[in-house]
Amino acid sequence: MSRQFIIKPESQTEIRELSPEFSKDLNEQQRRAVTWGAGPVLVVAGAGTGKTRTLVYRLAYLVETGVQPEHIVLLTFTRRAATEMLNRAALLLDGRCQRVQGGTFHAFCLGILKRYAPKIGFPSNFTLLDSSDSADVIDVLRSRLSTDVRGKRFPKKRTLQNMFSALRNRGMKLEDLLESSYPQFQEYAESIERLFQEYASFKKEQGLMDYDDLLVLTLMLFQSQPSVLREVATRCRYVLVDEYQDTNRAQALIVKALGSVHGNVMAVGDDAQSIYRFRGADQANILGFPQEWSSATVLKLEHNYRSTQSILDLANHILGSATKKYDKELFTEREKGDLPALVPAPDDRFESRFVSQMVLQMREQGVALNEMAVLFRNGHNSYDLEVELNRKNIPFVKYGGLKLSEAAHIKDVLAHLKVVENPKDTISWNRILQLLEGVGPKTAGRILEWLDADSDQPFALNERPYSAAYIDSLRGLFSILRRIHSANIPPAVQIELILEYYAPILRRAYSEDYPKREPDLEHFAGIASQFADRASLLESVALDPIDLTAIDVEPEENDEPPLVLSTIHSAKGLEFDTVFLIQALDGVMPSSYSVGSEEAVEEELRLMYVAVTRAENQLFISYPMIQYRRYEGQYFTKPSRFLAEVPAKLLEPCSLVEEASSSNELDSAVPTPELDEFLSQGLHPGTSDV
DNA sequence: ACAAGCAGTTTTTTT
DNA sequence: AACTGCTTGT
């Protein structure tokens, strides 16, 4: 070991008082967190207690007291959260924190790996796989398996991908994973294990990394190259981690590594809002932080500034049945406010009409559309409502659900770009070749064998026994690839060229609904034009898939800011004057997938808690009493078990009544004897009209 | 032998 | 809306 010289910190000798204009914005608990000196600390921040504000002021405070911005690392859950916090801190400081290292764990690790990849046997221009890319790779390997497992109930690519992901970021053994989560596949353990190995070596051979690799390979790098770790960790004088409750084991180890030199780690989170277990998040990270960092202090933020007392009462009640949590009780100094309403609707249509009419009514009363949100468990829970909103001309944006870059037609376009960027990308080659008429899986595979990806001219067609059936379209494809490859043209123009080439293919491949897909391509072209080069476009799309409907292509000046529709997961960290929680059904919340496991059900409970605590003033929870299923036809639903026992003084049962003038539609829609039975065992509608 | 078209099943949440 | 398996057509 080389000699070490200890030098004293430059500015940190005394922690200065917060300047007065800072401290007047903070309460006592927040101020303690903001002005925390050195050493590990966990800030348990309940919903609506000013967690973001605290982090922003913490950033500003550190910079203000002389810490160099590039020595601060801010790790967040989304890139949006990082930019927002850095911008807000910059406002407090006249822009002096631009150089804070910030972003998601994945983006941060990508930055490290780009620099050090050769040290762990990867090329420095490795390709990043997004989740559908990696599923495609797995599918290729899966289809190569011997026939004894094909055709039987061998897990599908997405299932395999989820298994592999769980193995990696939780550090589990396959045997245990199968036993606990996939007992039906235990007989295939050997083949799955082999596939897992093959997937890893395939990625290494081809220079590919998936999301989990970004985390796990960074850890491997740190482990095998202590000098790299020291170099990185030395620059991490202050590490701030947001949403700590949703970190997985690998991420917790990365935090541990980054803090290994200075130990100034501030983790901020709310154990009650841990909702990403399915992705490997481990609530044990936040619950065990004090043990992991032996000298850690725990600070709590409990003063809620967001919600009325009534909403908070309901939230506290819901959380009351959670078993694992830090003790904290949120309080507010706000008024009591209206009771949250529980609204059973006869069916989906009624529920949509209720929400849309209520939205209009609230708008009349002066609540802006973008101050209201409709939340739901699954991306597709809002389809019916979306139709209704369109019919009523109510503008909305939807967060969560399908990503733009996961739509098949966008993936087609992206595959062309990827092939130009990396001619060895056989997955993308397969995709674009099969778009040609007369080319299927077999032919595509054969053409690929004939191609020479290593040559200087990867997009030149050499002499091969191509069939006349597709040779013309193949020439067309290569001609467009050559044009994009050769000229140094901006990505926007490259996209234009591809779109021009792709337009007839789109019409042929999606002859039924191509008019719906064409606007997405324009939208994508608009986003792509903002990037300086192809590589950064592809990287950004992989790291942070674009919401399909979240951005208007060109937001017009006097457009009213739209109503927000969002999955509960995507609404994390947001707040709204009025919240509608729809489809609050058993089987949806909690999801029927979760009911086998107590832990999973408890996560669904926290999800309900997150949804409820988004609301500031008004909260409406609704569900349809009847739904339709393909073959069974109509069937009766059950309201969410989390709401079934809530006393009426916390959650007011309401009923929907059709206005007298518009006939008795309601009566005829509901078979009455069964309805009576349903109502007698469940909730009793009150008399409030809507 | 292989591609294309049709019918029926199945959909959580996301970096 | 996408994926799978089956049938038909080249």
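All values below come from the heavy atoms of this structure, side chains included, with hydrogens, waters and symmetry mates left out. Here is the naming used below: chain letters follow the sequence lines, and residue numbers restart at 1 for every chain.
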Between dT4(C) (P) and R142(A) (CZ): distance, integer Å: 7 Å
Ring-ring centroid check H409(A) Y514(A), cutoff 6.0 Å: no
Once you apply a heavy-atom cut-off of 4.0 Å, does F105(A) come out as touching a base, just sugar-phosphate, or nothing? nothing
Can you identify which nucleotide, out of dC2(B), dT14(B), dT12(B), has its nearest atom closest to the H569(A) side chain? dT14(B)
Residue mapping more 5' on DNA chain B - nearest nucleotide basis, N378(A) or L436(A): L436(A)
At under 4.0 Å between heavy atoms, what does V439(A) touch on the DNA or RNA strands: base, sugar-phosphate, or nothing? sugar-phosphate
According to the interplanar angle, ranging from 0 to 90°, do the rings of F122(A) and F126(A) count as parallel (below 30°), tilted (30 to 60°) or perpendicular (above 60°)? perpendicular
Would you tell me if any nitrogen or oxygen in the side chain of T443(A) comes within less than 4.0 Å of OP1 or OP2 on dA3(B)? yes
Side-chain N,O (S594(A)) to OP1/OP2 (dT12(B)) below 4.0 Å: no
Of the candidate nucleotides dT15(B), dA3(B), dA4(B), which contains the atom at the shortest distance from the side chain of P441(A)? dA3(B)
Which whole-number value in Å describes the distance from R277(A) CZ to dT14(B) P? 17 Å
Could you work out which one of dT12(B), dA4(B), dC2(B) sits closest to the side chain of E604(A)? dT12(B)
Need one value for A408(A): base, sugar-phosphate or nothing, where a base atom within 4.0 Å counts as base even if backbone is also close, heavy atoms only. sugar-phosphate
Can a side chain N or O of S592(A) be found less than 4.0 Å away from OP1 or OP2 on dT12(B)? no
Do E351(A) side-chain atoms and Q583(A) backbone N/O form a donor-acceptor pair below 3.5 Å? yes
Atom CD of Q161(A) and atom P of dT15(B) are separated, to the nearest Å, by 14 Å
Counting any heavy atom closer than 4.0 Å, what does R158(A) reach on the DNA or RNA strands: base, sugar-phosphate only, or nothing? nothing
Side chain of Y211(A) only, please: which of dT13(B), dA3(B), dT15(B) is the nearest? dT15(B)
In whole Å, I'd like the distance from the CZ atom of F77(A) to the C1' atom of dT13(B). 10 Å
Under the criterion of centre distance below 5.5 Å and interplanar angle below 30°, is Y593(A) classified as stacked on the base of dT12(B)? yes
What about the rings of F77(A) and Y276(A), do their centers lie closer together than 6.0 Å? yes
Any side-chain to backbone donor/acceptor pair from T637(A) onto P624(A)? Under 3.5 Å, distance only. yes
Among the nucleotides dA4(B), dA1(C), dT13(B), which one has an atom lying closest to any side-chain atom of K516(A)? dA1(C)
Side-chain N or O of R517(A) closer than 4.0 Å to phosphate OP1/OP2 of dA1(C): no
Considering only heavy side-chain atoms of S570(A), the closest of dA4(B), dC2(B), dT14(B) is dT14(B)
Does F278(A) lie flat on the base of dT13(B), that is, centres under 5.5 Å apart and planes under 30° off? yes
Taking the six-membered ring of F396(A), is NZ or CZ of K398(A) closer than 6.0 Å to its centre and within 45° of its axis? no
For L214(A), which contact category applies under a 4.0 Å heavy-atom criterion: base, sugar-phosphate, or nothing? nothing
Expressed in angstrom and rounded to an integer, what is the separation of E437(A) atom CD from dA3(B) atom P? 13 Å
